[in-house]
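Report on the following structure.
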There are 2 protein chains.
Amino acid sequence: MKIGALARKTGTTAETIRYYERTGLLEEPPRTAGNYRDYGPTELARLRFIRRARDLGFTMAEVRQLLSLADDPSQSCEAVDSIASLHLREVDRKLGDLRKLRTELRHMVDDCQHGAVGECRIIEVLSG
Amino acid sequence: MKIGALARKTGTTAETIRYYERTGLLEEPPRTAGNYRDYGPTELARLRFIRRARDLGFTMAEVRQLLSLADDPSQSCEAVDSIASLHLREVDRKLGDLRKLRTELRHMVDDCQHGAVGECRIIEVLSG
DNA sequence: GCTTGACCTTGTAGCCACTACAAGGTGCAT
DNA sequence: ATGCACCTTGTAGTGGCTACAAGGTCAAGC
């Protein structure tokens with residue numbers, strides 16, 4: 001499978017895949033006679049793993065850790081759990097922040113009387 | 001007021017203030033005899049406005065627009081409202097995404113039996 | 001008057017996770 | 001043989017800062 005096909009199967013782009021390779025998240029695949037990257041099911045599975053983790057908001061550093069943990073199935077999954085739990089707490093924090101922010105924005109927009117900028121509540125709130 | 005004092009008053013850093021100046025968000029202030037930036041209440045107010053907008057999640061481009069709208073108080077605040085409403089919708093979208101993500105993460109972490117990586121639900125979910 | 005130390009100056013490079021080219025090579029259909 | 005989609009490498013840009021390095025300024029203390 002060439003890089004474009006792999007990209008389509010994983011919802012990425014060729015650029016992103018090459019970027020992952022450059023940064024060591026994906027290993028260098030074998031090449032065809034014409035020097036094209038040639039991917040198989042192993043690389044597909046690995047990239048799918050990476051994409052799922054990224055979609056769940058894990059950083060590339062966390063993905064790297066998760067990948068190396070997944071590579072040793074006999075190990076305790078304590079480390080995996082701790083990465084995921086930490087990330088969950090981080091997401092909870094962000095959710096809280098965003099909810100507060102939303103409330104403020106909502107009030108601001110609701111209070112706007114659609115008059116002149118001089119009396120605009122939005123500008124007033126921002127001006128303090 | 002020198003840059004450090006302005007930074008302390010606005011919860012920023014001197015680096016950030018200089019960055020805002022470089023990118024045209026803040027104008028170049030007058031200088032003291034010793035070539036130090038010399039800020040007054042106008043700049044303080046402007047920076048506070050910027051910080052509030054940034055804290056509410058507006059992009060720098062949006063802040064730029066809001067600032068130029070705020071500078072003309074006789075104008076209709078339609079444009080202001082539209083920027084804020086658009087941003088609110090964007091925040092709502094992000095909130096939705098984050099809530100979904102949190103649910104998935106929560107399930108993943110809850111299902112983990114704290115055994116070996118080989119049976120780890122977290123790894124399984126990521127592997128698909 | 002001289003030193004110390006906190007602050008300031010400019011300039012450059014780095015962060016994350018991509019994204020967007022440019023300039024050229026490959027491979028298949030017409 | 002030509003066109004076209006795809007691939008290659010390399011480099012630079014995005015947003016919103018952040019982190020230096022190498023040097024200048026200024027007030028306080030000795």
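Please read these numbers as outputs of a predicted model, since none were measured by experiment. Order of the sequence lines fixes the chain letters, A, B, ..., with proteins taken first and strands second; residue numbering starts at 1 for each chain.
Residue pairs meeting the ring-ring contact (aromatic ring centres under 6.0 Å, His included) criterion with at least one partner in residues 14-50 of chain B, sequence neighbours excluded, are absent. Listed by first and then second residue, the salt bridge (charged side-chain N to carboxylate O under 4.0 Å, His left out) pairs involving residues 8-24 of chain B are B/E21-B/R37 (not counting sequence neighbours). Sequence neighbours left out, not one pair with a member in residues 104-128 of chain A passes ring-ring contact (aromatic ring centres under 6.0 Å, His included).
Residues forming a side-chain contact (heavy atoms from CB on, under 4.5 Å) with B/D111 (at least two apart in sequence, or on another chain): B/R121. Remark: B/F58 engages B/H87 in a ring pair (Phe, Tyr, Trp, His ring centres under 6.0 Å) (not counting sequence neighbours). For A/S76, the side-chain contact (heavy atoms from CB on, under 4.5 Å) test picks out A/E78, with sequence neighbours left out. With sequence neighbours excluded, the residues that form a side-chain contact (heavy atoms from CB on, under 4.5 Å) with B/R102 are A/L88, A/V91, A/D92, A/L95, B/R106. Checked against side-chain contact (heavy atoms from CB on, under 4.5 Å), A/E90 has the following partners two or more places apart in sequence or in another chain: A/R93, A/K94.
The minimum heavy-atom distance between A/D72 and B/V117, with the atom names listed, is O-CB, 3.7 Å. What you find for A/V63 and A/A53 is that their closest heavy atoms are CG2-CB, 3.7 Å.
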Under 3.5 Å, N/O pairs linking protein and nucleotides 1-4 of chain D:
none

Show the distances under 3.5 angstrom between N or O atoms of the protein and N or O atoms of nucleotides 27-30 of chain C.
| unit_1 | atom_1 | unit_2 | atom_2 | d |
| --- | --- | --- | --- | --- |
| C/dG27 | OP1 | A/G34 | N | 3.4 |

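Using a 4.0 Å cutoff on non-hydrogen atoms, the parts of residues 42-54 of chain B near DNA chain D are B/R51, B/R54, ordered by number. Contacts with DNA chain D (heavy atom under 4.0 Å) in residues 15-30 of chain A: A/R18, listed by number.
When the side-chain nitrogen and oxygen atoms of A/R31 are compared with OP1 and OP2 of D/dT9, one or more of them lie within a distance under 4.0 Å. OP1 or OP2 of D/dT9 sits under 4.0 Å from a side-chain N or O of A/R37.
Between the CG atom of B/L6 and the P atom of C/dT9 there is a distance of 11 Å, given to the nearest Å. Note: CG (B/D38) to C1' (D/dT25) measures 14 Å, nearest angstrom. The distance from atom CD1 of B/I3 to atom P of D/dT18 is 14 Å, rounded to the nearest whole Å.
Using modelled atom types and a 3.5 Å distance limit, the side chains of B/T13 and B/T16 yield a donor-acceptor pair.
Between A/M108 and the options A/I123, A/I122, A/T103, a side chain to side chain contact (heavy atoms under 4.5 Å, CB included) holds for only A/I122. Tested against A/L26, the residues A/L67, A/L6, A/L47 include a single side chain to side chain contact (heavy atoms under 4.5 Å, CB included) partner, A/L47.
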